[in-house]
Amino acid sequence: MTGAAARWRALVAVAAVVAVAAIDATPAAAEYGDVVINRRAERGGVRPVVFPHWFHRIRFRCKVCHSELGFRMRAGANDVLMADVIDGKFCGMCHNGQTAWGAEQCDLCHSGKPGTPPGIQGGNETRGPGRW
Amino acid sequence: MRVRRALVAVLVAVAAAASAQVAYKRAWPTLAADGLHDPASPALAILQEPSEALSALPPDFAGNLVNWMASLDGGYIKPRSTVLADTRVTLRSTDVLLKRTGELPLVVFPHRQHTAWLDCTNCHDQLFQQKAGGTMINMFLILQGEKCGVCHGAVAFPLTECARCHSVARGSDAEKTFRNLVRE
(Lines give C-alpha, C1' and ligand atoms only; values in the text may rest on other atoms or scores of the structure.)
Protein backbone atom coordinates (compact mmCIF):
# COMPACT_ATOMS: atom_id res chain seq x y z
CA MET A 1 0.00 0.00 0.00
CA THR A 2 1.44 3.44 -0.86
CA GLY A 3 1.55 6.12 1.81
CA ALA A 4 -1.14 8.17 0.11
CA ALA A 5 -3.46 5.21 -0.35
CA ALA A 6 -3.01 4.19 3.27
CA ARG A 7 -3.80 7.68 4.42
CA TRP A 8 -6.88 7.83 2.27
CA ARG A 9 -8.08 4.56 3.60
CA ALA A 10 -7.49 5.74 7.17
CA LEU A 11 -9.43 8.92 6.52
CA VAL A 12 -12.38 7.05 5.14
CA ALA A 13 -12.27 4.78 8.18
CA VAL A 14 -12.14 7.83 10.45
CA ALA A 15 -15.09 9.34 8.62
CA ALA A 16 -17.11 6.18 9.06
CA VAL A 17 -16.32 5.97 12.76
CA VAL A 18 -17.09 9.61 13.43
CA ALA A 19 -20.39 9.24 11.60
CA VAL A 20 -21.30 6.11 13.56
CA ALA A 21 -20.27 7.74 16.83
CA ALA A 22 -22.36 10.83 16.06
CA ILE A 23 -25.42 8.75 15.25
CA ASP A 24 -24.81 6.46 18.20
CA ALA A 25 -24.72 9.21 20.80
CA THR A 26 -28.23 8.43 21.97
CA PRO A 27 -29.01 8.78 25.68
CA ALA A 28 -30.16 5.15 25.88
CA ALA A 29 -26.53 3.93 25.50
CA ALA A 30 -24.77 2.25 28.40
CA GLU A 31 -22.24 4.27 30.38
CA TYR A 32 -18.91 4.60 28.55
CA GLY A 33 -16.51 1.80 29.49
CA ASP A 34 -19.05 -0.62 30.99
CA VAL A 35 -18.02 -4.22 30.29
CA VAL A 36 -20.44 -7.15 30.15
CA ILE A 37 -18.92 -10.49 31.19
CA ASN A 38 -21.16 -13.27 29.98
CA ARG A 39 -19.20 -16.27 28.81
CA ARG A 40 -20.71 -18.50 31.43
CA ALA A 41 -23.03 -16.48 33.63
CA GLU A 42 -26.25 -17.00 31.74
CA ARG A 43 -25.47 -20.57 30.90
CA GLY A 44 -24.98 -21.01 34.64
CA GLY A 45 -28.48 -19.64 35.27
CA VAL A 46 -27.59 -16.18 36.58
CA ARG A 47 -27.75 -12.69 35.02
CA PRO A 48 -24.76 -11.46 32.98
CA VAL A 49 -22.10 -9.58 34.97
CA VAL A 50 -21.82 -5.80 34.45
CA PHE A 51 -18.42 -4.29 35.31
CA PRO A 52 -18.46 -0.46 35.50
CA HIS A 53 -15.06 1.15 34.73
CA TRP A 54 -16.28 4.61 35.74
CA PHE A 55 -17.07 3.42 39.27
CA HIS A 56 -13.82 1.55 39.79
CA ARG A 57 -11.46 4.15 38.28
CA ILE A 58 -12.61 6.70 40.84
CA ARG A 59 -11.13 4.33 43.46
CA PHE A 60 -8.32 2.48 41.66
CA ARG A 61 -5.83 3.34 38.92
CA CYS A 62 -5.86 1.13 35.86
CA LYS A 63 -2.52 -0.39 36.89
CA VAL A 64 -4.06 -1.98 39.97
CA CYS A 65 -6.29 -4.29 37.95
CA HIS A 66 -4.42 -4.47 34.68
CA SER A 67 -0.90 -4.93 36.08
CA GLU A 68 -0.93 -5.83 39.79
CA LEU A 69 -3.93 -8.12 39.68
CA GLY A 70 -3.35 -9.32 36.14
CA PHE A 71 -6.66 -8.59 34.35
CA ARG A 72 -5.91 -8.68 30.63
CA MET A 73 -6.98 -5.52 28.78
CA ARG A 74 -9.31 -7.14 26.34
CA ALA A 75 -12.99 -7.78 26.95
CA GLY A 76 -13.58 -11.51 27.15
CA ALA A 77 -9.89 -12.36 27.48
CA ASN A 78 -10.15 -13.27 31.15
CA ASP A 79 -11.62 -16.68 31.74
CA VAL A 80 -13.35 -16.08 35.06
CA LEU A 81 -15.09 -18.84 36.97
CA MET A 82 -17.33 -18.15 39.93
CA ALA A 83 -15.14 -20.53 41.93
CA ASP A 84 -12.16 -18.24 41.19
CA VAL A 85 -14.03 -15.18 42.44
CA ILE A 86 -14.88 -16.99 45.69
CA ASP A 87 -11.24 -18.16 45.95
CA GLY A 88 -10.03 -14.56 45.86
CA LYS A 89 -8.98 -14.39 42.22
CA PHE A 90 -10.11 -11.79 39.60
CA CYS A 91 -12.96 -9.72 41.09
CA GLY A 92 -12.48 -11.74 44.29
CA MET A 93 -9.10 -10.12 44.92
CA CYS A 94 -11.08 -7.14 46.18
CA HIS A 95 -14.62 -8.46 46.55
CA ASN A 96 -13.65 -10.52 49.57
CA GLY A 97 -15.44 -8.68 52.35
CA GLN A 98 -12.30 -6.63 53.07
CA THR A 99 -11.29 -4.29 50.22
CA ALA A 100 -14.92 -4.40 49.03
CA TRP A 101 -18.09 -6.34 49.83
CA GLY A 102 -17.88 -10.06 49.22
CA ALA A 103 -18.99 -12.72 46.77
CA GLU A 104 -22.26 -13.39 48.59
CA GLN A 105 -23.77 -10.21 47.06
CA CYS A 106 -24.69 -12.07 43.88
CA ASP A 107 -27.09 -9.50 42.46
CA LEU A 108 -24.69 -6.56 42.60
CA CYS A 109 -22.36 -8.19 40.04
CA HIS A 110 -24.96 -10.27 38.21
CA SER A 111 -27.14 -7.30 37.30
CA GLY A 112 -27.22 -7.44 33.48
CA LYS A 113 -30.20 -7.76 31.22
CA PRO A 114 -30.59 -11.40 30.16
CA GLY A 115 -29.36 -11.94 26.62
CA THR A 116 -26.75 -9.15 26.66
CA PRO A 117 -23.68 -10.35 24.74
CA PRO A 118 -20.24 -9.96 26.36
CA GLY A 119 -18.04 -7.01 25.42
CA ILE A 120 -17.26 -3.36 26.03
CA GLN A 121 -20.22 -0.98 25.92
CA GLY A 122 -20.81 2.75 25.83
CA GLY A 123 -21.67 5.50 23.40
CA ASN A 124 -18.42 6.56 21.77
CA GLU A 125 -16.59 3.28 21.50
CA THR A 126 -14.86 2.40 18.26
CA ARG A 127 -16.25 -1.07 17.82
CA GLY A 128 -12.58 -1.91 18.04
CA PRO A 129 -11.27 -3.89 20.99
CA GLY A 130 -14.62 -5.22 22.04
CA ARG A 131 -15.37 -6.58 18.60
CA TRP A 132 -14.94 -10.32 18.20
CA MET B 1 -5.39 16.78 -2.11
CA ARG B 2 -8.10 19.40 -1.81
CA VAL B 3 -10.78 16.74 -1.40
CA ARG B 4 -8.82 15.18 1.42
CA ARG B 5 -8.37 18.47 3.18
CA ALA B 6 -12.08 19.12 2.90
CA LEU B 7 -12.82 15.69 4.30
CA VAL B 8 -10.59 16.38 7.29
CA ALA B 9 -12.35 19.70 7.87
CA VAL B 10 -15.75 18.03 7.73
CA LEU B 11 -14.63 15.32 10.13
CA VAL B 12 -13.32 17.77 12.66
CA ALA B 13 -16.56 19.76 12.39
CA VAL B 14 -18.75 16.68 12.86
CA ALA B 15 -16.69 15.53 15.81
CA ALA B 16 -16.90 18.99 17.38
CA ALA B 17 -20.64 19.17 16.80
CA ALA B 18 -21.19 15.71 18.26
CA SER B 19 -19.18 16.63 21.36
CA ALA B 20 -20.81 19.99 21.82
CA GLN B 21 -24.21 18.37 21.72
CA VAL B 22 -23.32 15.84 24.41
CA ALA B 23 -21.61 18.40 26.60
CA TYR B 24 -24.59 20.69 26.43
CA LYS B 25 -26.77 18.01 27.99
CA ARG B 26 -24.18 16.42 30.27
CA ALA B 27 -26.75 13.79 31.19
CA TRP B 28 -25.88 10.21 32.03
CA PRO B 29 -28.17 7.27 31.32
CA THR B 30 -29.89 5.90 34.40
CA LEU B 31 -29.04 2.29 35.24
CA ALA B 32 -32.63 1.18 34.69
CA ALA B 33 -32.73 2.71 31.20
CA ASP B 34 -29.17 2.06 29.97
CA GLY B 35 -30.14 -1.05 28.04
CA LEU B 36 -27.52 -3.02 29.95
CA HIS B 37 -28.89 -3.56 33.44
CA ASP B 38 -31.94 -5.71 34.02
CA PRO B 39 -34.64 -3.26 35.16
CA ALA B 40 -36.07 -6.11 37.26
CA SER B 41 -32.80 -6.68 39.16
CA PRO B 42 -32.94 -5.93 42.89
CA ALA B 43 -29.42 -4.48 42.53
CA LEU B 44 -30.73 -1.32 40.88
CA ALA B 45 -31.89 -0.03 44.23
CA ILE B 46 -28.35 -0.41 45.61
CA LEU B 47 -25.95 0.39 42.76
CA GLN B 48 -24.78 3.98 42.38
CA GLU B 49 -26.18 6.00 39.47
CA PRO B 50 -23.38 7.38 37.23
CA SER B 51 -24.84 10.89 37.46
CA GLU B 52 -24.47 10.90 41.24
CA ALA B 53 -20.71 10.31 41.15
CA LEU B 54 -19.75 11.82 37.80
CA SER B 55 -21.59 15.14 38.01
CA ALA B 56 -19.23 16.20 40.81
CA LEU B 57 -16.13 15.78 38.60
CA PRO B 58 -14.62 18.26 36.08
CA PRO B 59 -16.67 18.17 32.87
CA ASP B 60 -15.70 16.89 29.47
CA PHE B 61 -17.42 16.56 26.12
CA ALA B 62 -17.25 12.85 25.43
CA GLY B 63 -16.91 9.42 26.96
CA ASN B 64 -18.00 9.56 30.61
CA LEU B 65 -18.41 13.37 30.22
CA VAL B 66 -15.66 13.63 32.83
CA ASN B 67 -12.16 15.02 32.34
CA TRP B 68 -10.37 12.21 34.15
CA MET B 69 -6.94 13.87 33.94
CA ALA B 70 -8.27 17.05 35.57
CA SER B 71 -10.11 14.93 38.16
CA LEU B 72 -6.88 13.21 39.13
CA ASP B 73 -4.51 16.19 38.94
CA GLY B 74 -6.99 18.44 40.74
CA GLY B 75 -7.42 15.97 43.60
CA TYR B 76 -11.13 15.41 42.94
CA ILE B 77 -10.46 11.68 43.03
CA LYS B 78 -7.71 9.77 44.84
CA PRO B 79 -7.59 6.35 43.22
CA ARG B 80 -5.24 3.84 44.82
CA SER B 81 -2.03 2.91 42.96
CA THR B 82 -1.61 -0.49 44.63
CA VAL B 83 -3.57 -2.98 46.70
CA LEU B 84 -0.74 -5.43 47.42
CA ALA B 85 1.99 -4.54 49.91
CA ASP B 86 5.16 -4.81 47.81
CA THR B 87 4.23 -3.52 44.35
CA ARG B 88 6.68 -0.99 42.89
CA VAL B 89 5.07 2.06 41.26
CA THR B 90 6.93 3.36 38.20
CA LEU B 91 6.47 6.81 36.68
CA ARG B 92 7.95 8.67 33.70
CA SER B 93 7.54 12.24 32.52
CA THR B 94 8.84 12.52 28.94
CA ASP B 95 6.62 13.65 26.06
CA VAL B 96 7.13 11.95 22.69
CA LEU B 97 6.35 13.70 19.41
CA LEU B 98 4.70 11.53 16.73
CA LYS B 99 4.99 13.17 13.33
CA ARG B 100 3.38 10.83 10.81
CA THR B 101 0.03 12.57 10.88
CA GLY B 102 -0.55 13.49 7.25
CA GLU B 103 -1.98 16.98 7.18
CA LEU B 104 -3.21 17.01 10.75
CA PRO B 105 -1.37 18.65 13.65
CA LEU B 106 1.34 16.44 15.20
CA VAL B 107 0.54 14.07 18.05
CA VAL B 108 2.13 14.44 21.48
CA PHE B 109 2.20 11.31 23.60
CA PRO B 110 2.62 12.36 27.27
CA HIS B 111 4.15 9.77 29.65
CA ARG B 112 3.33 11.68 32.84
CA GLN B 113 -0.41 11.48 32.35
CA HIS B 114 -0.31 7.85 31.25
CA THR B 115 1.96 6.53 33.97
CA ALA B 116 -0.22 8.25 36.56
CA TRP B 117 -2.86 5.65 35.63
CA LEU B 118 -0.95 2.84 33.98
CA ASP B 119 2.08 0.62 34.43
CA CYS B 120 4.89 0.53 31.83
CA THR B 121 4.00 -3.09 31.08
CA ASN B 122 0.51 -2.10 29.95
CA CYS B 123 2.18 -0.57 26.87
CA HIS B 124 5.81 -1.76 26.68
CA ASP B 125 6.89 -3.63 24.73
CA GLN B 126 3.69 -5.29 23.50
CA LEU B 127 2.06 -2.15 22.07
CA PHE B 128 4.98 0.25 21.67
CA GLN B 129 8.81 0.14 21.42
CA GLN B 130 10.73 2.12 24.03
CA LYS B 131 12.23 4.23 21.27
CA ALA B 132 10.78 7.46 19.90
CA GLY B 133 9.57 6.87 16.36
CA GLY B 134 10.25 3.14 16.69
CA THR B 135 6.65 1.94 16.46
CA MET B 136 4.41 1.71 13.41
CA ILE B 137 1.29 3.58 14.53
CA ASN B 138 -1.43 4.95 12.27
CA MET B 139 -5.03 5.98 12.45
CA PHE B 140 -6.22 2.82 10.75
CA LEU B 141 -4.72 0.60 13.48
CA ILE B 142 -6.02 2.93 16.18
CA LEU B 143 -9.56 2.75 14.81
CA GLN B 144 -9.26 -1.03 14.77
CA GLY B 145 -8.67 -0.91 18.51
CA GLU B 146 -4.90 -1.43 18.31
CA LYS B 147 -2.10 0.84 19.66
CA CYS B 148 -3.61 3.97 21.25
CA GLY B 149 -7.04 2.55 20.35
CA VAL B 150 -6.73 -0.25 22.90
CA CYS B 151 -7.77 2.29 25.54
CA HIS B 152 -8.95 5.35 23.61
CA GLY B 153 -12.38 4.46 22.32
CA ALA B 154 -12.96 1.89 25.06
CA VAL B 155 -12.20 3.39 28.50
CA ALA B 156 -10.01 6.51 28.04
CA PHE B 157 -11.39 9.53 26.10
CA PRO B 158 -12.73 8.44 22.71
CA LEU B 159 -11.33 8.91 19.23
CA THR B 160 -13.80 11.62 18.29
CA GLU B 161 -11.54 14.00 20.28
CA CYS B 162 -8.98 14.43 17.47
CA ALA B 163 -7.41 17.62 18.79
CA ARG B 164 -6.52 16.20 22.15
CA CYS B 165 -4.01 13.86 20.50
CA HIS B 166 -3.31 15.96 17.39
CA SER B 167 -2.37 18.90 19.57
CA VAL B 168 0.80 20.49 18.11
CA ALA B 169 0.54 22.66 14.99
CA ARG B 170 3.24 22.09 12.39
CA GLY B 171 6.00 24.70 12.60
CA SER B 172 4.81 25.98 15.99
CA ASP B 173 7.10 26.85 18.91
CA ALA B 174 5.81 23.76 20.68
CA GLU B 175 7.18 21.60 17.87
CA LYS B 176 10.57 23.33 18.11
CA THR B 177 10.97 22.56 21.83
CA PHE B 178 11.16 18.85 21.08
CA ARG B 179 14.71 17.61 20.78
CA ASN B 180 14.96 14.30 18.89
CA LEU B 181 11.22 13.73 19.22
CA VAL B 182 11.42 13.62 23.02
CA ARG B 183 10.96 16.42 25.56
CA GLU B 184 11.67 16.10 29.28
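Since this is a predicted model, take the numbers as computed values, not measurements. All values below were derived from every heavy atom in this structure, side-chain atoms included, with hydrogens, water molecules and symmetry-related copies excluded. Chain naming here is simple, since letters A, B, ... match the order of the sequence lines and numbering starts at 1 in each.
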In terms of heavy-atom proximity below 4.5 Å to chain B, should [X] be classed as side chain, backbone, both, or neither?
{"X": "A:H66", "answer": "both"}
{"X": "A:R47", "answer": "side chain"}
{"X": "A:F60", "answer": "both"}

Counting C-beta onward and ignoring hydrogens, is there a side-chain heavy-atom pair between [X] and [Y] closer than 4.5 Å?
{"X": "B:H37", "Y": "A:V50", "value": "yes"}
{"X": "B:C151", "Y": "A:M73", "value": "yes"}
{"X": "A:I120", "Y": "B:V155", "value": "yes"}
{"X": "A:I58", "Y": "B:K78", "value": "no"}
{"X": "B:P79", "Y": "A:R59", "value": "no"}
{"X": "A:F55", "Y": "B:Q48", "value": "yes"}

- Message: Nearest 0.5 angstrom please: B:L31 CG to A:S111 OG, how far?
- Response: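 So the CG of B:L31 and the OG of A:S111 are separated by 8.0 Å.
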
In terms of heavy-atom proximity below 4.5 Å to chain A, should [X] be classed as side chain, backbone, both, or neither?
{"X": "B:L72", "value": "side chain"}
{"X": "B:Y76", "value": "neither"}
{"X": "B:E49", "value": "backbone"}
{"X": "B:T82", "value": "both"}
{"X": "B:T90", "value": "backbone"}
{"X": "B:N64", "value": "both"}

- Message: Looking at chain A, which one of B:A53, B:S71, B:A116 has the largest number of heavy-atom pairs inside 4.5 Å, strictly under?
- Response: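 Of B:A53, B:S71, B:A116, B:A116 has the most heavy-atom pairs under 4.5 Å with chain A.
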
- B:D38 vs A:K113, salt bridge (Lys or Arg N to Asp or Glu O under 4.0 Å): CA-CA, chis, key distance, verdict: CA-CA 4 Å; B:D38 184 350; A:K113 203 182 234 173; over 6 Å; no

- Message: Out of A:D34, A:V35, A:L108, return the one with the most heavy atom pairs under 4.5 angstrom to chain B.
- Response: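 Greatest number of close heavy-atom pairs with chain B: A:L108.
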
- Message: Looking only at heavy atoms and a cut-off of under 4.5 Å, which of A:Q105, A:E68, A:M93 has the most pairs with chain B?
- Response: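 Ranked by heavy-atom pairs under 4.5 Å with chain B, first place is A:E68.
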
